[in-house]
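What follows is a short report on a single structure.
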Amino acid sequence: MNDFNAARDIPILLGAFFVLTAAIGLVRFPDLYSRLHASSKLITLGSAGIFIGVGLEFAQTEALTRLAAVLLFQFLTTPLSAYLIAQAAYLRGLEPLLEGPDEWNALGKAALLDKRLEELER
């Protein structure tokens with residue numbers, strides 16, 4: 001009953017660990033931005049581990065190619081979608097709860113100041 005295959009099972013276990021960590025982050029983090037960070041980064045890493053383990057279990061070229069394509073698509077789209085969700089939330093007025101410099105607000109204020117200076121010069 002010992003069906004342990006290290007090449008297959010360790011990536012799956014690492015992926016499951018990252019997914020579990022993302023789930024804990026979703027529950028424990030205080031605001032949308034930090035929850036979005038945890039979910040996007042760790043789910044991507046977790047799914048990569050699970051996909052690699054499943055690909056090694058199948059050991060077929062077609063399955064590996066499809067899993068690699070899915071993984072590449074996920075690596076390309078997950079950070080972009082997380083960024084767009086965060087930007088939309090910020091532009092709708094949801095302030096981050098973390099202390100520190102608010103770079104988006106600083107950039108927005110600098111743009112408004114530049115626009116007002118241009119209007120005064122006219």
Side-chain angles (χ1 to χ4, degrees):
M1 188 78 191
N2 189 4
D3 194 25
F4 182 76
N5 182 356
R8 173 198 66 201
D9 293 341
I10 289 177
I12 291 175
L13 288 174
L14 284 174
F17 171 75
F18 284 128
V19 171
L20 175 66
T21 307
I24 292 171
L26 282 176
V27 174
R28 300 282 302 186
F29 284 159
D31 64 346
L32 175 106
Y33 303 104
S34 54
R35 288 177 182 165
L36 197 57
H37 174 79
S39 65
S40 63
K41 303 288 187 281
L42 292 175
I43 291 295
T44 303
L45 287 175
S47 62
I50 292 170
F51 288 163
I52 289 170
V54 169
L56 292 175
E57 172 64 20
F58 284 134
Q60 296 175 349
T61 307
E62 297 87 16
L64 289 173
T65 305
R66 288 182 184 169
L67 287 172
V70 169
L71 190 59
L72 177 67
F73 181 75
Q74 188 169 8
F75 269 112
L76 292 175
T77 57
T78 302
L80 180 63
S81 62
Y83 175 77
L84 291 175
I85 291 170
Q87 185 181 30
Y90 188 81
L91 292 176
R92 291 188 60 92
L94 183 62
E95 295 286 329
L97 295 178
L98 299 176
E99 295 179 13
D102 188 359
E103 294 173 359
W104 280 352
N105 193 14
L107 291 174
K109 286 180 181 176
L112 282 176
L113 184 62
D114 286 344
K115 189 175 181 180
R116 287 182 187 161
L117 288 175
E118 287 178 6
E119 290 175 359
L120 290 175
E121 290 176 355
R122 290 182 192 169

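Tracing side-chain contacts under 4.5 Å through hydrophobic residues (I, L, V, M, F, W, Y), one reaches Leu67 starting from Leu71; they form part of the same cluster. Leu64 and Val70 are assigned to two separate hydrophobic clusters, defined by single-linkage of ILVMFWY side chains at heavy-atom distances under 4.5 Å. Residue Ile43 is not grouped with residue Leu76 when hydrophobic side chains (ILVMFWY) are merged at heavy-atom distances under 4.5 angstrom, including chains of intermediate members. A single hydrophobic cluster is not seen to contain both Ile10 and Phe17; linkage of ILVMFWY side chains at heavy-atom distances under 4.5 Å, directly or through other members, places them apart. Both Phe75 and Val54 are members of a single hydrophobic cluster when ILVMFWY side chains are connected at heavy-atom separations under 4.5 Å.
Contact record, Ala22 with Ser39: CB-CA, 4.4 Å, taken as the closest heavy-atom pair. What you find for Gly53 and Pro11 is that their closest heavy atoms are N-CB, 4.0 Å. Of all heavy-atom pairs spanning Asp9 and Asp3, the tightest one is OD2-O, 3.9 Å.
Here the OG1-CZ distance, from Thr44 to Phe18, works out to 11.0 Å after rounding to the nearest 0.5 Å. Taking CD of Gln74 as the reference point, atom CG of Leu45 lies at 9.5 Å (rounded to 0.5 Å). Here the CG atom belonging to Leu32 is positioned 13.5 Å from the OH atom belonging to Tyr90, to the nearest 0.5 angstrom. Distance check, rounded to the nearest 0.5 Å: CD1 of Ile24 to CG of Leu42 gives 10.0 Å. Taken from CG in Leu91 to CG in Leu84, the straight-line distance is 10.5 Å, to the nearest 0.5 Å. Separating the OG1 atom in Thr78 from the CZ atom in Phe73 is a distance of 8.5 Å, to the nearest 0.5 Å.
As a member of the Ile/Leu/Val/Met/Phe/Trp/Tyr network built from side-chain separations under 4.5 Å, Phe29 groups with nothing else and remains a singleton. Taking Ile, Leu, Val, Met, Phe, Trp and Tyr as hydrophobic and joining them when side-chain heavy atoms fall under 4.5 Å apart, one finds Leu36 in a cluster with Ile85.
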Practice item. Carefully, step by step, assess Ile50 and Ser47 under the rule side chain to side chain contact (heavy atoms under 4.5 Å, CB included). Key: CA-CA 5 Å; Ile50 292 170; Ser47 62; 5.5 Å; no
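Side-chain atoms of Asp114 do not come within 3.5 Å of backbone N or O of Leu117 as any donor-acceptor pair.
The shortest side-chain heavy-atom distance between Thr21 and Lys41 does not fall under the 4.5 Å cut-off.
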